Q: 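Dropping the structure in here first, questions after.
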Amino acid sequence: MSAVTARAARPAQQRLDRRQVYIFPTAAGVTFGFMLGVILIGAINYDNALGYLLAFLLFGLVLVAMLHTYRNLNGLIYRGARALPVHAGSDALFECQFENSSPLARLALRLGPWPRGMDKLTRRFMQSTHTAMDIAPGIVANVGVPRLTEKRGWTTLGRLRVESVYPLGILRAWAYFDGDSQCLVYPAPRGHLPLPFAPATASGLTQLHGVGSDEFAGLRPYTPGDPVRAIAWKTLAREREVMVKRFHGQGALRVLLSWSAVASLAGAEPRLSQLCQWVLEAHGAGHSYALELPGVSVGFGHGREHRDECLRVLALYEAPP
Amino acid sequence: MNPTPLSAREVLWVAVVLLLALLPHMPRFPLILDAGFVLACGWRYLGAQGVLPLPDREHRLLWLLKQLLAITAFVTIYIAFRGKLGRDAGVELLAALLGLKLLEMRSPRDYYVVTLLCYFLVVTNFFYAQTIPTALYMLGVVIAATAVLIQYNTPPAYRQPRAMLRLSALMTAQSIPLMLLAFVLFPRIPGPLWGMPQDAFDAVTGLSDSMTVGDITRLGMSNEIAFRVQFHGPEPRARARYWRGPVLWHSDGRAWQVGAFADHPAPLEHHGQRYLYTVTMEPHRKHWLLGLDVVTAKPRDVMQTADYALKTRQPLRTRMRYDLESAIEYRMTGLSDAERRAALEIPRGHHPRARELGAQWRAETRQEDAIIARALDFYRAGKFVYSLTPPTLPGDTVDDFLFTTHEGFCEHFASSFVMLMRAAGIPARVVTGYQGGEYNEVGEYMVVRQRDAHAWAEVYLDGRGWARVDPTATVAPNRVSLGFADANPRGAPGTGFARDALSGRVWTRLRDSFDAITYGWNQWVLGYTTAQQRNLFEELGFEDLDYGSLVIALTLALALTTGALAWLMWRATRRPRDPLSAAYGTFCARLARIGFTRGASEAPLAFAERVCRLRGDLADEVRAITRLYGLLRYGRGGVDVKVLRRKVANFRPKRQV
């Protein structure tokens, strides 16, 4: 996991106890109660002893179901969440960690974000987007909770809600987890301006020092056409994509991504989006690039870490008024 | 919620539970309805498997077929009940709707509705039978229905039928104590809250206010229990066990009716043995209660008619228990003019030959005893036969029996005898009731069955009052001394086993045991009504318990029991603690109290040395305990944890002053 997520390191874990678990009948539960009432009234009217017994057995079942539904959540431990950075507009996937320290499996849990101050309709929608999970006894489970991002910067997971209607579906137990887990949101890559290559030479293209040297310069993602021997096999296991080894002098170009280069765009966000787009393009093409914003700058460099650093700067940049 | 279509397995289980809940109803339903129901279950299952299409809008033809099925079901029910919505029709309608709902079951909501209606189907079965086997079977159905609910909420990877059934059974078992508490404590409101359908309680047999010749024969075929009696003290001999029911005065030539006279009983002098006993009467939807011959003391809410029959104010809708005192030797005198007239009345135009015979006896002698003796001789000499299946008497019921068929049941004998007496000028009436009763050795009580129903005569003799004459006893003395079954080798039910002595005894023993259980069940479960509830709490010392206190008691009891269940569940899921760690933990806790807290990574030996350096006085004990702990934890055995536990228990360090 990259360094940018370190901020969301490890919040204090939260263990559910009886004061935090709420319980209420579901729609099916209300129907169940109605049926119970009809059976009881029938038993009274017909003086039917077995009718009474059945009504009371079902009533007892409701109480027992309450204990079982409640037990399904009680003692569940939330150990916080982490998320890899994403670009604004796509879903941030928070990996929430839950621990089941009891000897019983916790079944049919449903988990989802639960921002405060929602109207009823949104809430119903939120409930429908919950993620299902089952946690075997003694297991730490990671569950991905998607959260839509709108703006760049830090996005907080906020309040999480876990609920379950197991085992009878007539009662719903739920609880909230509050954590400060955050996800870094890069600007949305947008813009059509061409890459502004550094204007160092007349041709507009500056070759890096050490032309023709075979000094290792880093890795870049594989693109069709790359020679097979350039593929970095050793890193294949580590990285998610196939990487190609790059050496200085292999057509690496210098690109300066500066605030002035995007001055033609109106507003800070479109500019940052364009810069973000360029960073991705330059990284993809294996160019060496630098970022210059009013007040912050990142020197020339290449590679994954360099890219992430640039993106992080873009994500957190506070544009001058 | 879950929009995925229901899997074949989910559908199968719902269908199975539905069929289980309906199974006891099936023999009662029209065959076509049963067939339609099984068809619907099969269709839905195959539909879920994808073998057959289901009736939805895409399959017009099938959709029409379903409508046709629905119409057939409703028409069948309508025709069977001619549009009257009673209990039977209601149950069939519910079953038909459920079958159709099963075909339409798509969403989770449908699934829940069908499953919850299964519980409702269970209760409909109780309108027909409330026996122990019914209760046990239905408990099984409830467990299965609950398992179906569990299945729906269990993620597919965890759906093992046995595990789900086990959870369902566990939850049901946990509900049982709550059920029992609620059953005892829930304030019982005497029903009914509204009018009941006509057929709510049919198939209840028993004596009625009138007797048409042939009625008791029908009862005679029934092994059903009429009432049970528990004697407190001596019991009357078998031939004296006449259980008095409605007394019949008026006849229209075929049917007998009770008399309507003053409500205060006739003067009575009783002597000799008195019998104390408790009767548990089965509900029969009539007002009559039964007591041994003449009741001399009774509870306040039991009424007594002028002719010493017992009645209740409300029809007997539930089983009733009451205490009585009776005498079998007594003088019942006093006969008003109206009563005398009624007791001498012969319906106009009926029984001419009996009238003639009676008048002839009267002309021959004026002595009442002699006339009675003649009448009994007449039965004896005329080769009269006591039979369960006498020929029907389409003409004059008395004359045809007396002079043609000579074959009859007790009501034939009693009614013809009364008519002969009346013709001879002796006031007479018919008494219906039961005669006999068998002793249940297991439960130590007496059982009187419907087949013990009997009718006899009472004649009014000047100077002696009403006297019982049982003409049946003259013809079939065994009927009275041995009881019904043994007097009737022909067509008597339930006696096939009794032939061989040993198997007979085993059979009797088994039947007695079963009936004793049933008796307890009837008394404590089915008979637990408003009055029983009040009695129970009075016996426990709570007089005048009102509904409010019952509700509070119920709430408290349920809360405590639920709390206890929660505690048990919590304890069951807690990991068992290692006894060795527990003992060492206690040791550390005691040291912590005097200021030595063991560090998180401090080894036991290092900890012990630290304590010993500062507290030389504790050194021996601390070292011994630590060494023992080490031996137990890492040694090869041979030492018992108990030794450590005892040492720790005796280790009570004090702070240094």
Side-chain angles (χ1 to χ4, degrees), chain A residues 18 26-29 31-32 34-36 38-71 74-75 101-105 107-110 127-128 132-134 136-138 164-170, chain B residues 1 108-109 112-113 116-117 119-120 122-123 125-127 130 134-135 138-139 142 146 149-150 152-155 157-158 167-168 171-172 174-183 186 188-194 196 200 317-318 525-529 558 561-562 565-566 569-570 573-575:
Chain A
R18 85 193 127 76
T26 58
T31 317
F32 190 93
F34 176 74
M35 181 203 63
L36 201 76
V38 173
I39 292 178
L40 183 62
I41 290 173
I44 294 173
N45 197 47
Y46 290 86
D47 230 330
N48 192 304
L50 287 190
Y52 272 114
L53 277 178
L54 181 69
F56 297 145
L57 182 71
L58 294 181
F59 180 71
L61 202 59
V62 172
L63 294 181
V64 169
M66 210 158 89
L67 298 179
H68 282 260
T69 309
Y70 162 80
R71 178 170 75 175
N74 187 36
S101 59
S102 94
L104 290 166
L107 300 182
L109 304 183
R110 287 156 55 77
Q127 240 164 317
S128 71
M133 62 172 178
D134 309 303
S164 177
V165 296
Y166 184 82
L168 295 193
I170 57 173
Chain B
M1 291 208 326
R109 228 182 74 179
Y112 277 114
V113 166
L116 295 190
L117 282 176
Y119 288 119
F120 203 77
V122 168
V123 88
N125 280 293
F126 299 150
F127 292 136
Q130 295 202 68
T134 314
M138 290 302 159
L139 185 67
V142 166
T146 308
L149 279 183
I150 292 173
Y152 192 71
N153 290 293
T154 304
Y158 288 85
L167 177 60
S168 169
M171 290 179 72
T172 312
Q174 287 172 329
S175 317
I176 283 175
L178 298 164
M179 170 188 83
L180 294 177
L181 280 172
F183 187 77
F186 185 82
R188 290 310 178 89
I189 306 150
L193 304 175
W194 68 87
M196 282 178 263
R317 206 173 292 116
T318 54
V525 180
L526 304 188
Y528 191 75
T529 54
L558 287 181
T561 315
T562 312
L565 280 174
M569 278 168 67
W570 172 79
T573 55
R574 211 181 39 163
R575 291 211 176 129

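Here the structure is a predicted model, which is why all the values come from computation and not from measurement. A, B, ... follow the sequence lines: proteins, then strands. Residue 1 opens every chain.
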Q: Would you mind checking which part of A:L104 comes under 4.5 Å of any heavy atom in chain B, side chain (CB onward), backbone (N, CA, C, O), both or neither?
A: side chain

Q: Should the pair A:Y52 and B:F183 be assigned to parallel (<30°), tilted (30 to 60°) or perpendicular (>60°) ring geometry?
A: perpendicular

Q: For A:L109, is it the side chain, the backbone, both or neither that has a heavy atom under 4.5 Å from a heavy atom of chain B?
A: neither

Q: Taking the six-membered ring for Trp, are A:Y46 and B:F127 parallel (under 30°), tilted (30 to 60°) or perpendicular (over 60°)?
A: tilted

Q: I'd like to check A:L168 versus B:M171 (side-chain heavy atoms, cut-off strictly below 4.5 Å). Are they in contact?
A: yes

Q: Any side-chain heavy atom of A:F59 within less than 4.5 Å of one from B:L558?
A: yes

Q: Is there a side-chain contact between B:L167 and A:P167, using heavy atoms and a 4.5 Å cut-off?
A: yes

Q: So which part of A:L54 gets closer than 4.5 Å to some heavy atom of chain B, the side chain, the backbone, both or neither?
A: side chain

Q: Determine whether B:W570 and A:N74 make a side-chain contact, defined as any pair of heavy atoms from C-beta on separated by less than 4.5 Å.
A: no

Q: Name all residues meeting the side-chain contact (heavy atoms from CB on, under 4.5 Å) criterion together with A:L107; count only those two or more places apart in sequence or in a different chain, and write none if there are none.
A: A:A105, A:D134, A:Y166, B:T154, B:P155, B:Y158

Q: Does any heavy atom of chain A fall under 4.5 Å from the side chain of B:V525, the backbone, both, or neither of them?
A: both

Q: Should A:F32 and B:Y119 count as side-chain neighbours, where that means a heavy-atom distance under 4.5 Å?
A: yes

Q: What residues form a ring-ring contact (aromatic ring centres under 6.0 Å, His included) with B:F126, not counting sequence neighbours?
A: none

Q: Are any side-chain N or O atoms of B:Q130 and backbone N or O atoms of A:L50, one a donor and one an acceptor, separated by less than 3.5 Å?
A: yes

Q: Check whether any side-chain heavy atom of B:F120 lies under 4.5 Å from a side-chain heavy atom of A:I39, and answer yes or no.
A: yes

Q: Can you say whether A:L58 sits under 4.5 Å from chain B via the side chain, the backbone, both, or neither, judging by heavy atoms?
A: side chain

Q: Less than 4.5 Å apart, side chain to side chain, heavy atoms only: is that true for A:V64 and B:T172?
A: no

